[in-house]
Amino acid sequence: MKPIIAITMGDAAGIGPEIIVKALSHPNVYELCQPVVIGDMESLKRAAAVSGLGDLTIRSIAEVKDGRFQQGSIDCIDLQLLPEAVPFGQLSAAAGNAAFHYIAKAVELAKAGEVRAICTAPLNKEALHKGGHLFPGHTEILAKLTETEDFSMMLSTDRLKVIHLTTHVGLIKAVELITPERTYKVLKLADQVLRTAGNANPRIALCGINPHAGEGGLFGNGEEEEKLAPAVEKAQAEGMDVFGPAPADTLFYRAMRGDFDIVVACYHDQGHTPVKVLGIEAGVNITVGLKGGIIRTSVDHGTAFDIAGKGIADERSMLEAIRSAVELAPK
C-alpha cells in the first residue's frame, strides 16, 4: 500500500503552490505515494495556470478517504481560509494565518493515522506573525502541536543524512548546550528514525566538536570526553552501532562513501555545509522526534517572494522532500 503523504501548501503568496503543482505533475510521485494537499484550491489552480499546467485537475475533497490519488488530478483538502486571491510576493496576514492552519490540519490527520508523513512547502515567518502565530517556524509549530520537547533537525539527500545536536544558536552557545544527555537523545533519535523507516541496524557516526575531535586533548578543553563520549558509551551499551566522536572532515566523506547511514553534527554549519555543497535543490529538511512518530519533511528553501507567480520556481527540492517523506514514513 502506497503511503498517504499530507503536503501543506505554505504561504499562498510565495512559491509553495507552484512547486506543489509542478511536483505533482511528475508521474513518478504517484508511483511512490498517495499525495493529498492541505491548502487552498483556488491558489493551486492559479499556480497551475502560471506554471503552464492548466490541464491539471484540482479537486476539492472533504476527507482523505475521498482522494483519487491519480496522475493529472490533485486532491486538495481546501480549508477555505483565504477570502480572496493573495497577491504574489506580498506579505499577507491572511496567508500567514492560513499557513499555520494547514500545518495544524496535517498534524491532526497524522495523529489520527490518516496520513503517514507530512511534507511542508515554505511559510513566511513575518506573515506568520502578522497572522497571529508567534513561532520561529515550522519546527516549533510542530513541536507545540505534538507536545514534543526532544526533537532534532535532520538534513537528507540521496547520498547523505545528517542530524544535529544544536542548530540556530551561536557557536559558543552551541558548545554550551551540548551535554551527554542531549548527545544521547539525538543518537537515540537517529537510531529510531532509521529503524522505523526499515533499517534494522543503522550505522551512526558522531562528529567531534573540535578539529580532529580534540586530538587527544591537543585542541579544545576536553569537550569530546566530557560531552560526547559518555553518550556514545551508553548508546553502544544499548546495542546501537555508533562510531565516534571522530574528526568531522573525514566522517562526511566516509558517510557519502557508504560507511555510515547517518552523521550526527554538533552544530549548524558543521552539518549544513556538506549537505549544501551537494546542491540546494537536493537537500531536504526533516523534523524527527515528534511524538506519535510523526515525520515531517520540507523543502530546503524559503517562500521566494521575488519570483512567486512567475512560473519559474524549481520543484526539485519538493520532489526530494516527498521522496524523503516516503522513505522515512513509519513502515
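In this chain, numbering begins with 1 at the start of the sequence shown. Below, each value reflects all heavy atoms present in this structure, side chains not excepted, and no hydrogens, waters or symmetry copies.
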Begin with the C-alpha distance, continue with both residues' side-chain angles, and end with the deciding distance and a verdict on side-chain contact (heavy atoms from CB on, under 4.5 Å) for Asp40 and Val86. CA-CA 11 Å; Asp40 177 77; Val86 175; over 6 Å; no

When every non-hydrogen atom of Ala213 is compared with those of Ala246, the smallest separation belongs to CB-C, 3.7 Å

Measuring from Ile20:CD1 to Glu315:CD, what's the distance to the nearest 0.5 Å? 12.0 Å

Going from CD1 on Ile4 to CD on Glu114, what distance comes out if it is rounded to the nearest 0.5 angstrom? 8.0 Å

Any sub-3.5 Å donor-acceptor pair from Glu18's side-chain atoms to Gly311's backbone N or O? yes

Any side-chain heavy-atom pair from Thr183 and Leu187 closer than 4.5 angstrom? yes

Could you report the tightest heavy-atom contact between Ile322 and Ala23, atom names first, then the distance? CD1-CB, 4.3 Å

For Ile38 versus Ala6, what's the shortest heavy-atom pair and its separation? CG1-CB, 4.3 Å

Please determine whether side-chain contact (heavy atoms from CB on, under 4.5 Å) holds for the pair Lys111 and Ile294, giving the CA-CA distance in whole Å, both sets of side-chain angles, and the decisive distance to 0.1 Å. CA-CA 8 Å; Lys111 284 181 174 180; Ile294 297 171; 4.2 Å; yes

Backbone N/O of Met154 and side chain of Lys161: donor-acceptor pair under 3.5 Å: no

Distance check, rounded to the nearest 0.5 Å: Ile172 atom CD1 versus Tyr267 atom OH? 12.5 Å

Show the numbers, then the answer: is there a side-chain contact (heavy atoms from CB on, under 4.5 Å) between Leu109 and Ile118? CA-CA 9 Å; Leu109 294 173; Ile118 299 170; over 6 Å; no

When rounded to the nearest 0.5 Å, the distance separating CE of Met41 from CD1 of Ile58 is 8.5 Å

Can any side-chain N or O of Thr166 pair as donor or acceptor with the backbone N or O of Cys266 at less than 3.5 Å? yes

Show the nearest heavy-atom pair for residues Ala200 and Pro202, with the distance to one decimal. C-CD, 3.8 Å

Should Ile178 and Val288 be counted in the same cluster of Ile, Leu, Val, Met, Phe, Trp and Tyr side chains packed under 4.5 Å apart? yes

Got more than 12 heavy atoms from elsewhere within 6.0 Å of CG, Asn201? yes

Please work out which of the three classes, parallel, tilted or perpendicular, describes the rings of His133 and Phe100, given edges at 30° and 60°. parallel

Can a donor-acceptor pair be found, under 3.5 Å and without considering hydrogens, that links the side chain of Ser298 to the backbone of Thr120? yes

Side-chain heavy atoms nearer than 4.5 Å, only ILVMFWY residues, links allowed to pass through others: does that put Phe88 and Ile307 together? no

Ile204 reachable from Phe243 in the ILVMFWY side-chain graph, under 4.5 Å edges: no

Backbone N/O of Phe69 and side chain of Asp75: donor-acceptor pair under 3.5 Å: yes

Is the shortest heavy-atom distance from the side chain of Met240 to the side chain of Lys188 under 4.5 Å? yes

Please give me the minimum heavy-atom distance between Thr146 and Leu290, naming the atom from each residue. OG1-CD2, 3.6 Å

Angle between ring planes, His168 versus His272, binned at 30° and 60°: parallel, tilted or perpendicular? perpendicular

Same cluster for Leu142 and Leu189 if Ile/Leu/Val/Met/Phe/Trp/Tyr side chains link at under 4.5 Å? no

For Leu218, does the CG atom sit with more than 12 other heavy atoms under 6.0 Å from it, leaving out its own atoms? yes

Does anything in residues 223-235 form a side chain to side chain donor-acceptor pair (under 3.5 Å)? List the pairs, not counting sequence neighbours. Asn210-Glu223, Asn210-Glu224

Just so I know, are the side chains of Ile5 and Thr297 near enough to count as touching, which here means a heavy-atom distance under 4.5 Å? no

Are Arg296 and Asn285 close enough that some pair of their side-chain heavy atoms sits under 4.5 Å apart? yes

Minimal heavy-atom distance between Lys2 and Tyr30, with the atoms involved, is NZ-O, 2.8 Å

For Arg203 and Asp241, indicate whether the former's side chain and the latter's backbone hold a donor-acceptor pair under 3.5 Å. no

So do Lys276 and Asp300 actually touch side chain to side chain, heavy atoms under 4.5 Å? yes

Determine, step by step, whether Cys119 and Arg323 satisfy the side-chain contact (heavy atoms from CB on, under 4.5 Å) criterion, reporting the C-alpha distance in whole Å, the side-chain angles of both residues, the deciding distance to 0.1 Å, and the verdict. CA-CA 10 Å; Cys119 179; Arg323 182 191 62 77; over 6 Å; no

As an exercise, state the distance from OG of Ser156 to CD1 of Ile163, rounded to the nearest 0.5 Å. 11.0 Å

Thr287 side chain to Thr139 backbone, donor-acceptor under 3.5 Å: no

Check the pair Glu176, Lys173 against salt bridge (charged side-chain N to carboxylate O under 4.0 Å, His left out), reporting the backbone distance first and the verdict last. CA-CA 5 Å; Glu176 178 186 325; Lys173 184 66 174 178; 3.3 Å; yes

Just how far is it from atom NZ of Lys130 to atom CG of Asn124, taken to the nearest 0.5 Å? 10.0 Å

Are any non-hydrogen side-chain atoms of Pro245 and Ile209 less than 4.5 angstrom apart? no

Got a donor-acceptor contact below 3.5 angstrom from the Asn97 side chain to the Ala94 backbone? no

Less than 3.5 Å apart, any donor N or O on the side chain of Thr57 or Arg59 sitting next to an acceptor on the other? no

When you measure from the side chain of Ser25 to the backbone N and O of Lys22, does any donor-acceptor pair fall under 3.5 Å? yes

Path from Leu123 to Val299 over hydrophobic side-chain contacts below 4.5 Å: no

Heavy-atom neighbours of Arg254 CZ exceed 12 at 6.0 Å: yes

Main chain of Val242, side chain of Gln236: is a donor-acceptor contact present, judged purely on distance under 3.5 Å? yes

